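Here the structure is a predicted model, which is why all the values come from computation and not from measurement. The figures that follow rest on heavy atoms only: side chains count, while hydrogens, waters and symmetry mates do not.
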Amino acid sequence: MSEKNSTSFEERLGRIKADKQSAQPETPPEPMRKNRKGGLSAQTLIIPMVAVTVVIGSLVYAAHWITSTDLPLRKMVWDAFVNMLPAATSTTRYDGLIQSGPSELEMGYVGWEYPVTHVALKEHRDLKVATIVAPKVPDDSAPKMVSFDANTACTLRAPQADQVVHNVRLMEPSRYTELHLFSKEELAKAVLDRAVGLRRGKANYRNAAIAKGRMGVVDIYVTDTSAPVYLVLGVLDKDVLWNIHLAPDARLGHVALIGNKSAFSAPAGNYTYEALRIHDFLDEDAIYDNEQPQPCMVAPWREPQTWWTTAERLDHPIDAKHYQHIWDTNVQGYAAFDAWYRTQTGTAANVNAVEAIKAAHALVGPLPQSPIATSRNSARVMHLSASAYMATSEAQIVAIHEDLLLAAAGGDVSALTPPPMDRSSLEIEQ
Amino acid sequence: MIRSLTNTVGWTLRFAFGAVTALTLLFTLWVGYSAYVPDQPAMAGGHDTAAEQITPVSVRRWWSTKNDLIEQFNTTHLTWRRALNLRTNVPYDALFEEGESQPDPAFADLYATVRAPRVLMSFCEELLLGVARRCQLVDYEGKLGEDGQVDLQGRFHFVPDTAPGTLPELEGGEIQSFRIHLTRVDRIPNNRDMRLRFMARAEQLCETLRARVQNCVISHLYFSPDVRSGSEAQLLEAQVVLAAYTDLSEADQQEVLSSLREQTKSLSP
């Protein structure tokens, strides 16, 4: 081996050693990261857990707020719920906070639902009230008020030979007023419920317990001038104030109200009137149980029609039984009502009948030749079936309740919740 | 830097969410606990409650029965487990002041109920003279009958005056009840004197039971007009329910009950 070769080898060896010493230590490869997308971790769960907790907590607090808030505040919530629909024009002076029904003519399961802008009539046309009623003149006068007792027997005065019978039958009104009528019995029940609530530490009325008797309002336009009209006005559910308006030469012979707390107003005149309260003769079950004849079926069922939605769905592939039940109930109910009606009036219940689920106006007779002008309130009389209490606001209703509670408690409501007695504080006459 | 800031914000939010969750859970636990704790002030000078000191043999059993034991045997708080149920009749006129006119008949039941405490609070006094150191009228109702009499019903919660005794450690321990008719004889006059005597009788029976099983409280008292004797509203029917923490078998319970009933017969009215 030559010197050159051995030197070169040593040099190479030295370089190799030097290279090794100066070489950077190898970095171990990075471990594979765990794929987090497919798995659950604490971080993933936190947000849904918090969201669920917040939602449940909110529901609990909302329930607590609704049950414990003061009456006026709860009224705002209730009114917001009830008053979802815009108030519409009314031809009566009892506008106030009138709540309205549907805004378009709608066919329901068992008949038409007329909005407050439309008129219910026998032919079920799309007729707006503005076409048959003249614009109302501002009127600050008030009608005369007359109270009368409802019939104690399930009978109606028979129509006279020279009278023509007309019927208007609704399930409920499309509009409501702030007029409330309620009886002593309803008031007593509500105040007793309030007393029980106070005894159990509840500060407020249960909304369903307070006596209200809120009146709906329906305008009736009588245009039949052939004879004095024997007018039968029936409503199955709710309480209604019927405002009767007469076209020129139209005459009112008799007004028969069938409902609950009924009232009507009409131009002053020589006509008779009476009222039947459904629940004086039928309980809630009896109204709907008509498989057997009932002698006092005064509930004003409407005549089923083949163009009802229910009739069209009797062969529904899934809900046929459901619709058949609705249909049969109405057929039996109307048959029972018609049977009773014929014994009272001598005519069928569907004679000159205007029927609807809901309405705010109804036309009794032919279309008027010209718009009907409504009479001034001072020329009208409002007849109220005897209700001991009348109120026009929630505040008045509450005041009536509280006054009775205070009187019953002898002037001291705190006596309802006597505090505990201890032997040490007791003065005993030995 | 931005990455660092984002990281910080992210962790801060995570921490905040976790804190909110934890606080909400703690709050709901506190609400639940508060719902149990009585909202009435404890009586001053009350006895130490044996029920609160009981040491369970079984933790699970202790957890399930602790609240019941406190409600049944404590001597400081009113609870539904110590109650007098009373029924009586008074003339409708008795609810009104002299010269006060009566309301419309539609409001008769309302007035009868709202004014019931005027009559019923006297029975609270009787309880305090008898077996209680604290009493409260918690529920009542009045109804006017066709005979002009008002049927009044009242429910009182009370704190017994007598210490309950000792609640032993029992594997199969439970609260057992013993109902005894106090008026085994008919035609007992319904007046304060007789009711106090029957309360004393109930206390004697409880003493007997306490001697047998180491503890007893009067759980429920029932006073009502005796309808067995016809329409005489001035006759009394009385019952008592005694409660004890024990592990008696069914047979032993019947034996104890029979023994207490025998004792009732021998006690003078």
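Annotation: maximal heavy-atom pairing with chain B below 4.5 Å, among A/P419, A/P420, A/A188, occurs at A/P420. Between chain A and the residues B/L127, B/L120, B/V138, B/V114, the largest count of heavy-atom pairs under 4.5 Å involves B/V114. No other option in B/Y140, B/F17, B/F156, B/F96 has as many heavy-atom pairs under 4.5 Å with chain A as B/Y140. Of the listed residues B/D104, B/L137, B/T113, the one with more heavy-atom pairs under 4.5 angstrom with chain A than any other is B/D104. Interface remark: of the candidates A/G410, A/A195, A/S424, A/G410 forms the most heavy-atom pairs closer than 4.5 Å to chain B.
Contacts of B/A132 with chain A are made by backbone atoms alone, with heavy-atom separations under 4.5 Å and no side-chain atom involved. For A/A415, the part sitting under 4.5 Å from any heavy atom of chain B is the backbone (N, CA, C, O) and nothing else.
Looking at residues two or more places apart in sequence or on another chain, you find no ring-ring contact (aromatic ring centres under 6.0 Å, His included) involving B/F15. B/T21 is linked by a side-chain contact (heavy atoms from CB on, under 4.5 Å) to A/M49, A/V50, A/T53, B/L25, counting only residues two or more places apart in sequence or in another chain.
In the model, B/D139 has no side-chain atom that pairs as donor or acceptor with a side-chain atom of B/Q153 under 3.5 Å.
The shortest distance between side-chain heavy atoms of B/F123 and B/F223 does not fall below 4.5 Å.
When B/H220, B/H157, B/E71 are each tested for a side-chain hydrogen bond (donor to acceptor under 3.5 Å, both in side chains) with B/W80, only one passes: B/E71.
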